[in-house]
Chemist: 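One structure coming up, written as structure tokens, with questions to follow.
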Amino acid sequence: MPDTPVLSARDVVKRYSDGRQDIVVLSELDLTVMSGDWLAIVGASGSGKSTLLNLLGGLDAPTAGEVAVSGRRFGDMNERERSLWRNRNLGFVFQMHHLLPEFSALENVAMPARIGGLSKSAAEVRARDLLDRLGLSQRISHRPAALSGGERQRVAIARALVNEPSCVLMDEPTGNLDPATAEQVLEAMQAFRQFKTAFVVVTHDPGIANRMDRQLTLLSGRLENR
């Protein structure tokens, strides 16, 4: 029996209307991501990369077509079901880390696990392990304002991984970092090569794309092999 994709998009269309005309951002787009895939989606600014990532993560709905995560289609779920399924199966890392400023690194990382139903102690054990793997064991009690840009983004990676998702979606994860700090973040990602979590990175940076196993280009609303 063939494996179920951890993430798939079939005939996905996304259109917006400005009141006078329809603007087609994505056009009959197809994508399959299997367990353990490391995929870069590259494209020029304005090509629809972030729109695509929002659709793949169930944060927005396509105009037509379907997106499925771990065998379940977002279109078949209500909002609460989508939220729970995202929490269990997907991790997110954005260009801006979006850490909660009033919480420590440990608390930020543990939060998705607590939301998913894990006890406080179990969530913190898992969070500590991830922060240690990412070289942040001495920074777990620090709040985001006391962390460097690279440290904050590594905390965001740990938070994305804390529920052991089948797929992590990353939107320009090094876009606001200087080259040396971006390299630290990319090295941190490599620490998770041995796990079966798939990574889908949306970027315009060839340095990131070249670290991935597979690259696709978003062009004229469709994905093409590079």
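Just so it is clear, the values below take in all heavy atoms, side chains as well, and ignore hydrogens, waters and symmetry mates.
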Chemist: Which heavy atom of S50 sits nearest a heavy atom of D171, and at what distance?
Modeler: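 Nearest pair, atom of S50 first, then D171: OG-OD2, 3.0 Å.
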Chemist: Between E81 and R73, is there a side-chain N and carboxylate O pair less than 4.0 Å apart?
Modeler: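 No, this pair does not count.
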Chemist: Please tell me if the side chains of L31 and L56 come closer than 4.5 Å, counting only heavy atoms from C-beta onward.
Modeler: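 Answer yes - side chains close enough.
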Chemist: Any side-chain donor-acceptor pair under 3.5 Å between S8 and T32?
Modeler: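 No, T32 and S8 have no side-chain donor paired with an acceptor closer than 3.5 Å.
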Chemist: So, taking the atom named CZ in F199 and the one named SG in C167, what distance separates them when rounded to the nearest 0.5 Å?
Modeler: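 Nearest 0.5 Å value for the CZ-SG distance: 8.5 Å.
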Chemist: Give me the atom names and distance for the closest heavy-atom approach of P101 to P144.
Modeler: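 The answer is O-CD, 3.8 Å.
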Chemist: Does L52 reach the side chain of V202, with side-chain heavy atoms less than 4.5 Å apart?
Modeler: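 A side-chain contact under 4.5 Å is absent here.
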Chemist: Quick one: ring-ring contact (aromatic ring centres under 6.0 Å, His included) partners of F74, sequence neighbours excluded?
Modeler: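 Per chain and number, F74 pairs via ring-ring contact (aromatic ring centres under 6.0 Å, His included) with no residue.
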Chemist: Is it the case that the side chains of Q215 and N225 hold a donor-acceptor pair, with the cut-off being a distance below 3.5 Å and no angle test?
Modeler: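 The criterion, which ignores hydrogens and geometry beyond distance, is not satisfied for Q215 and N225.
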Chemist: K49 and L218: which non-hydrogen atoms are nearest, and at how many Å?
Modeler: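 Between these two residues, the closest heavy atoms are N-CD2, 3.5 Å.
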Chemist: Once rounded to the nearest 0.5 Å, what's the spacing between atom CZ of R152 and atom CD1 of I157?
Modeler: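 R152 CZ to I157 CD1: 13.5 Å, rounded to 0.5 Å.
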Chemist: Compare all side-chain heavy atoms of R72 with those of N89 and state whether any distance is below 4.5 angstrom.
Modeler: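 They are not in contact (no side-chain heavy atoms under 4.5 Å apart), so the answer is no.
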Chemist: Would you find a donor on one side and an acceptor on the other, under 3.5 Å apart, between the side chain of R10 and the backbone of G65?
Modeler: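 Checking the backbone N and O of G65 against the side chain of R10, no donor-acceptor pair under 3.5 Å is found.
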Chemist: When you group the ILVMFWY residues by side-chain heavy-atom contacts below 4.5 Å and let the links chain together, are L55 and W85 in the same group?
Modeler: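 Yes, it is one cluster - the side chains of W85 and L55 are joined through contacts under 4.5 Å.
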Chemist: For a 4.5 angstrom cut-off between non-hydrogen side-chain atoms, does T51 reach L53?
Modeler: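 A side-chain contact is absent here, since even the closest heavy-atom pair is not under 4.5 Å.
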Chemist: Applying side chain to side chain donor-acceptor pair (under 3.5 Å) to S166 and S70, what does each step give before you reach the verdict?
Modeler: CA-CA 7 Å; S166 54; S70 297; 3.1 Å; yes
Chemist: Taking side chain to side chain contact (heavy atoms under 4.5 Å, CB included) as the test, write out the residues that go with L219, two or more places apart.
Modeler: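 Testing L219 for side chain to side chain contact (heavy atoms under 4.5 Å, CB included), a comparison that skips the adjacent residues, returns T217, E224.
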Chemist: Checking the side chain of N163 only, and the main-chain atoms of P165 only, is there a donor and an acceptor separated by less than 3.5 Å?
Modeler: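 Checking the backbone N and O of P165 against the side chain of N163, no donor-acceptor pair under 3.5 Å is found.
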Chemist: Do F92 and L59 come close enough that some side-chain heavy atom pair is under 4.5 Å?
Modeler: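 Heavy-atom side-chain distance check passes, below 4.5 Å.
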Chemist: Would you check, one step at a time, whether the test salt bridge (Lys or Arg N to Asp or Glu O under 4.0 Å) holds for R222 with E28?
Modeler: CA-CA 7 Å; R222 291 187 173 92; E28 297 180 348; 3.5 Å; yes
Chemist: Let me confirm one number: the CG-CG distance from D213 to D37, rounded to the nearest 0.5 Å.
Modeler: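 That separation rounds to 7.5 Å.
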Chemist: Determine, step by step, whether Q153 and V93 satisfy the side chain to side chain contact (heavy atoms under 4.5 Å, CB included) criterion, reporting the C-alpha distance in whole Å, the side-chain angles of both residues, the deciding distance to 0.1 Å, and the verdict.
Modeler: CA-CA 8 Å; Q153 201 63 316; V93 181; 4.0 Å; yes
Chemist: Apply side chain to side chain contact (heavy atoms under 4.5 Å, CB included) to residues L90 and V168 and explain how you reach the verdict.
Modeler: CA-CA 6 Å; L90 292 175; V168 172; over 6 Å; no
Chemist: Side-chain heavy atoms under 4.5 angstrom apart, residues restricted to Ile, Leu, Val, Met, Phe, Trp, Tyr: same cluster for M34 and L39?
Modeler: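 Not linked; separate clusters.
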Chemist: What is the minimum heavy-atom distance between V33 and A198, and which atoms define it?
Modeler: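 In this case the closest contact between V33 and A198 is CG1-CB, 3.7 Å.
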Chemist: CE/M212 to OG1/T203 distance, rounded to the nearest 0.5 angstrom?
Modeler: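 Between atom CE of M212 and atom OG1 of T203 there are 9.5 Å.
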Chemist: Measuring only between side-chain heavy atoms, which start at C-beta, is M170 closer than 4.5 Å to V200?
Modeler: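 A side-chain contact under 4.5 Å is absent here.
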Chemist: Evaluate the criterion salt bridge (Lys or Arg N to Asp or Glu O under 4.0 Å) for residue pair E151 and R139; output intermediate values, then yes/no.
Modeler: CA-CA 9 Å; E151 287 171 339; R139 311 291 279 169; 3.2 Å; yes
Chemist: Do W38 and R214 have side chains that get closer than 4.5 Å, going by heavy atoms?
Modeler: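 W38 does not reach R214 side chain to side chain.
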Chemist: Supply the atom-to-atom distance S47 OG to L26 CG, rounded to the nearest 0.5 angstrom.
Modeler: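 Those atoms lie 9.0 Å apart.
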Chemist: Can you list every pair that meets salt bridge (charged side-chain N to carboxylate O under 4.0 Å, His left out) and has a residue in residues 105-122, with sequence neighbours left out?
Modeler: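 Checked against salt bridge (charged side-chain N to carboxylate O under 4.0 Å, His left out) - neighbours excluded - the pairs reaching residues 105-122 are K120-E124.
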Chemist: Got a salt bridge between D60 and K14, using NZ or NE/NH1/NH2 to carboxylate O under 4.0 Å?
Modeler: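 A salt bridge is present here (some side-chain N lies under 4.0 Å from a carboxylate O).
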Chemist: Take atom CD of E102 as the centre, draw a 6.0 Å sphere, and report whether it contains more than 12 heavy atoms from other residues, nucleotides or ligands.
Modeler: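 For E102, atom CD is crowded (more than 12 foreign heavy atoms under 6.0 Å).
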Chemist: Identify the two heavy atoms, one from G58 and one from R86, that lie closest to each other, and give their separation to 0.1 Å.
Modeler: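 What the structure gives for the nearest pair is O-NH1, 2.7 Å.
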Chemist: Rounded to the nearest 0.5 Å, what's the gap from CE on M111 to CG on L106? Could you check?
Modeler: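 Atom-to-atom, M111:CE and L106:CG are 10.5 Å apart.
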Chemist: Apply side chain to side chain contact (heavy atoms under 4.5 Å, CB included) to residues R159 and H98 and explain how you reach the verdict.
Modeler: CA-CA 11 Å; R159 181 182 59 187; H98 296 306; 4.2 Å; yes
Chemist: Begin from the C-alpha positions of L223 and D30 and carry the test side chain to side chain contact (heavy atoms under 4.5 Å, CB included) through to its verdict.
Modeler: CA-CA 7 Å; L223 289 171; D30 291 314; over 6 Å; no
Chemist: List the atom pairs, donor and acceptor, that lie under 3.5 Å between side-chain atoms in residues 126-134 and the rest of the protein, sequence neighbours left out.
Modeler:
unit_1 : atom_1 : unit_2 : atom_2 : d
R126   : NH1    : V162   : O      : 3.1
D129   : OD2    : R133   : NE     : 3.1

Chemist: With hydrophobic residues grouped by side-chain heavy-atom distances under 4.5 Å, do L147 and F103 end up in a single group?
Modeler: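 Unlinked, L147 and F103 end up in two clusters.
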Chemist: Looking at side-chain heavy atoms only, is the closest gap between V13 and V25 below 4.5 Å?
Modeler: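 Side chain of V13 against side chain of V25, heavy atoms only: no contact under 4.5 Å found.
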Chemist: Any chain of hydrophobic side-chain contacts (each under 4.5 Å) joining L118 to L84?
Modeler: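 In one cluster: no.
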Chemist: Testing the basics here: between A209 and A40, what is the closest heavy-atom pair and its distance to 0.1 Å?
Modeler: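 Closest pair (atom of A209, atom of A40, distance): CA-CB, 3.7 Å.
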Chemist: Can you list the residues that meet the side chain to side chain contact (heavy atoms under 4.5 Å, CB included) rule with S35, with sequence neighbours excluded?
Modeler: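 V6, K196.
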Chemist: With H204, which residues qualify under ring-ring contact (aromatic ring centres under 6.0 Å, His included), at least two apart?
Modeler: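 H204 satisfies ring-ring contact (aromatic ring centres under 6.0 Å, His included) with no other residue.
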Chemist: Establish whether I115 and V155 are linked, either directly or via other cluster members, by ILVMFWY side-chain heavy-atom contacts under 4.5 Å.
Modeler: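 Per the 4.5 Å side-chain linkage, I115 and V155 are not co-clustered.
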